[in-house]
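My structure is below; once you've seen it, I'll send some questions.
Letters go in sequence order (proteins before strands), and every chain restarts at 1.
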2 protein chains.
Amino acid sequence: MSQMQSVEKQLRQMILGLEIGPGEKLTERWIESRFGASRTPVRAALLRLETEGLVGRDGRGWTVSPINLAELEQIAVYREAVEVAALRLTCTLADRSAVDVIEAMLDSCDTDTPREEWHRIGMDFHIELARLSGNEFLFRAVRDAMTRLSRARWLEVRDEAALARAWAEHRAILAAARLGDADQAARLLSAHIVGSRDRLVTSLANDRRGLRARGFAVIAA
Amino acid sequence: MSQMQSVEKQLRQMILGLEIGPGEKLTERWIESRFGASRTPVRAALLRLETEGLVGRDGRGWTVSPINLAELEQIAVYREAVEVAALRLTCTLADRSAVDVIEAMLDSCDTDTPREEWHRIGMDFHIELARLSGNEFLFRAVRDAMTRLSRARWLEVRDEAALARAWAEHRAILAAARLGDADQAARLLSAHIVGSRDRLVTSLANDRRGLRARGFAVIAA
DNA sequence: GATACCATCTTGGTATCCCAAAACGGTATC
DNA sequence: GATACCGTTTTGGGATACCAAGATGGTATC
């Protein structure tokens with residue numbers, strides 16, 4: 001039974017789903033018994049998750065990476081670089097009809113849609129948009145960045161208005177891309193990323209005390 | 001004895017130094033005996049090198065990643081995005097005196113300098129320049145991209161003139177950065193990356209037959 | 001001579017064992 | 001009561017054992 005991928009996937013889900021809190025200590029032995037696997041696949045999973053930035057070494061042991069506000073700000077700069085580059089590439093493509101598929105993703109969310117779905121699609125928008133560029137490296141960069149942001153975005157308190165605003169911005173970006181207006185698309189995407197970062201960092205900084213009370217390690221910017 | 005890092009480092013050196021050719025098959029057992037380690041550290045090393053793109057899975061086994069010309073072109077686009085972003089950041093810093101340290105790296109190469117040193121410093125220029133930005137993600141992106149390019153750049157036939165040209169371009173980039181002229185620095189860096197890519201891909205495409213004869217797998221663009 | 005088939009070997013994946021070092025806890029001393 | 005010291009336990013790193021699936025090679029058949 002190929003439990004390697006299974007352990008990795010399950011552990012990642014538990015970390016991203018905050019079932020294991022940021023900052024918590026992990027022992028290989030605990031993971032082993034928790035998933036009924038032996039230490040070899042557990043090791044492989046930890047090594048992979050380490051490169052994703054979800055776990056890190058804590059001396060000799062392992063720790064679920066804390067939420068790091070300074071890191072979130074750096075990621076925003078990184079995202080801006082790679083997402084804008086990908087979007088500009090996409091704008092130069094002859095066939096940009098694939099943006100409609102992404103628009104359909106946005107459309108699939110309405111008031112009945114559970115919060116997890118909004119969260120997932122909000123990330124997939126950026127990931128799939130990057131994939132359209134056809135550049136594997138830009139795509140992976142965006143995907144990995146979104147993975148790192150995932151927990152923080154989940155902890156963010158987002159009101160209905162903020163979500164509506166994000167969706168409107170997403171749609172505007174797609175509209176510019178559909179027209180092939182690279183400069184406009186890039187401007188909109190940059191503003192969207194910067195704005196999202198500001199709201200995210202502000203929200204987490206405000207909630208920091210409460211998050212710590214819930215046992216979540218949050219490192220200030 | 002912590003042989004894990006040792007195995008990883010030695011294996012990476014052998015791959016980057018082309019002692020193991022692109023496309024060659026690797027068995028965990030061979031690595032094990034070659035470095036006198038057991039399979040646990042070998043496995044860890046392979047998993048790490050896999051994320052660096054230096055080895056890949058070949059069905060059930062492992063293979064040293066071939067040189068992929070299409071990939072080299074994608075990396076150039078990726079590099080342009082992240083290196084330019086990092087350089088622009090650096091140009092906005094109040095204290096840009098650290099560029100002098102990088103200039104000193106360039107100065108340390110003269111006609112007596114062995115080829116390996118030129119090669120290493122040619123990469124370190126870009127890596128250290130990215131580090132100055134202070135953005136860990138941009139830095140890592142550049143470092144990883146240069147690692148992936150390393151073997152291809154080593155195989156490139158570069159004449160004296162090409163090296164001199166690259167060094168002149170490096171110096172011009174530093175000069176613009178020192179002045180804080182972000183637009184100019186970005187323009188120069190973009191041109192440098194694109195030019196390097198063209199020369200690299202052209203050189204490898206021309207030598208492809210010879211490289212294959214040496215047992216190096218080279219995948220066309 | 002070519003090909004299909006079978007025994008064998010090799011190999012990656014997994015489980016288990018061993019070890020040294022670090023973490024922990026209890027006790028004795030000040 | 002605080003602290004320094006020491007024995008015990010836990011833990012990650014490494015080594016080894018085992019297995020099933022795939023590769024290999026030789027043989028027998030046509």
Side-chain angles (χ1 to χ4, degrees), chain A residues 1-16 19-66 68 212 215-217 219, chain B residues 1-16 19-66 68 212 215-217 219:
Chain A
M1 174 167 33
S2 174
Q3 287 192 320
M4 189 189 72
Q5 280 202 358
S6 171
V7 171
E8 182 188 332
K9 240 179 249 182
Q10 291 182 71
L11 188 55
R12 185 188 293 107
Q13 278 314 311
M14 286 190 72
I15 292 173
L16 292 181
E19 296 174 58
I20 317 179
E24 267 186 53
K25 294 223 181 310
L26 285 175
T27 69
E28 297 185 353
R29 254 92 179 193
W30 178 84
I31 301 169
E32 189 182 341
S33 70
R34 175 68 177 72
F35 298 107
S38 83
R39 295 181 64 203
T40 311
V42 169
R43 293 263 183 83
L46 285 170
L47 286 173
R48 290 249 170 69
L49 295 177
E50 184 187 21
T51 69
E52 294 181 28
L54 296 183
V55 305
R57 297 192 181 271
D58 168 52
R60 220 166 60 111
W62 297 93
T63 305
V64 177
S65 302
N68 185 327
R212 292 200 156 237
F216 294 160
I219 297 175
Chain B
M1 174 166 33
S2 175
Q3 288 194 321
M4 189 189 72
Q5 281 203 358
S6 170
V7 170
E8 183 187 333
K9 240 179 249 184
Q10 291 182 71
L11 188 56
R12 186 188 292 108
Q13 278 314 311
M14 286 189 72
I15 293 173
L16 292 180
E19 295 174 58
I20 317 178
E24 267 186 54
K25 295 224 182 309
L26 286 175
T27 70
E28 298 185 353
R29 254 89 181 195
W30 178 83
I31 301 169
E32 190 182 336
S33 70
R34 175 68 177 71
F35 298 108
S38 83
R39 295 181 66 200
T40 310
V42 168
R43 195 65 76 76
L46 285 169
L47 286 172
R48 289 251 169 68
L49 294 177
E50 185 187 21
T51 70
E52 295 181 28
L54 296 183
V55 305
R57 296 190 183 271
D58 168 52
R60 219 167 60 110
W62 298 92
T63 306
V64 177
S65 302
N68 185 328
R212 294 202 153 233
F216 295 162
I219 298 174

Show each protein N/O and nucleotides 8-11 of chain D N/O combination with a separation under 3.5 Å, one pair to a line.
from: D:dT11; atom 1: O2; to: A:R60; atom 2: NH1; distance (Å): 3.3
from: D:dT11; atom 1: O2; to: A:R60; atom 2: NH2; distance (Å): 2.4

Residue list, salt bridge (Lys or Arg N to Asp or Glu O under 4.0 Å) with A:E24, at least two apart or on another chain: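 Listed in chain order: nothing, the list is empty.
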Rounded interatomic separation in angstrom, taking NZ from A:K25 and P from C:dA22: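 Rounding to the nearest Å, NZ of A:K25 and P of C:dA22 are 15 Å apart.
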Residues which pass side chain to side chain donor-acceptor pair (under 3.5 Å) with A:E28, listed by chain and number, not counting sequence neighbours: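 Testing A:E28 for side chain to side chain donor-acceptor pair (under 3.5 Å), a comparison that skips the adjacent residues, returns A:R39, A:R43, A:W62.
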Between P of C:dA21 and CZ of A:R57, the distance in whole Å: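 Distance check: A:R57 CZ to C:dA21 P gives 17 Å.
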Residues in side-chain contact (heavy atoms from CB on, under 4.5 Å) contact with B:T63, at least two apart in sequence or another chain: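 Checked B:T63 against side-chain contact (heavy atoms from CB on, under 4.5 Å); matches are B:K25, B:D58.
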Partner set under side-chain contact (heavy atoms from CB on, under 4.5 Å) for A:R34, not counting sequence neighbours: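 For A:R34 the side-chain contact (heavy atoms from CB on, under 4.5 Å) partners, ignoring immediate neighbours, are A:M14, A:W30.
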Distance in angstrom units between A:F35 CZ and C:dT14 C1', rounded: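 Going from CZ in A:F35 over to C1' in C:dT14 covers 17 Å.
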For A:R60, all residues meeting side-chain contact (heavy atoms from CB on, under 4.5 Å), sequence neighbours excluded: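 Counting only residues at least two positions away or on another chain, A:R60 forms no side-chain contact (heavy atoms from CB on, under 4.5 Å).
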Residue pair B:V64 / B:L54, side-chain heavy-atom distance below 4.5 Å: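 Side chain of B:V64 against side chain of B:L54, heavy atoms only: no contact under 4.5 Å found.
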Partner nucleotide of D:dT9 by Watson-Crick or wobble geometry (both distances under 3.5 Å):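 When the pairing criteria are applied, C:dA22 turns out to be the nucleotide that pairs with D:dT9.
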Separation of C:dT16 C1' from A:R43 CZ (nearest whole Å):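 Spelled out: CZ on A:R43 to C1' on C:dT16 is 12 Å.
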Protein-nucleotide distance (A:I31, atom CD1; C:dA15, atom P), rounded to Å: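 Between P of C:dA15 and CD1 of A:I31: 14 Å.
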Contact under 4.0 Å: B:S38 side-chain N or O vs D:dG14 OP1/OP2: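 Indeed not, no polar side-chain atom of B:S38 lies that close.
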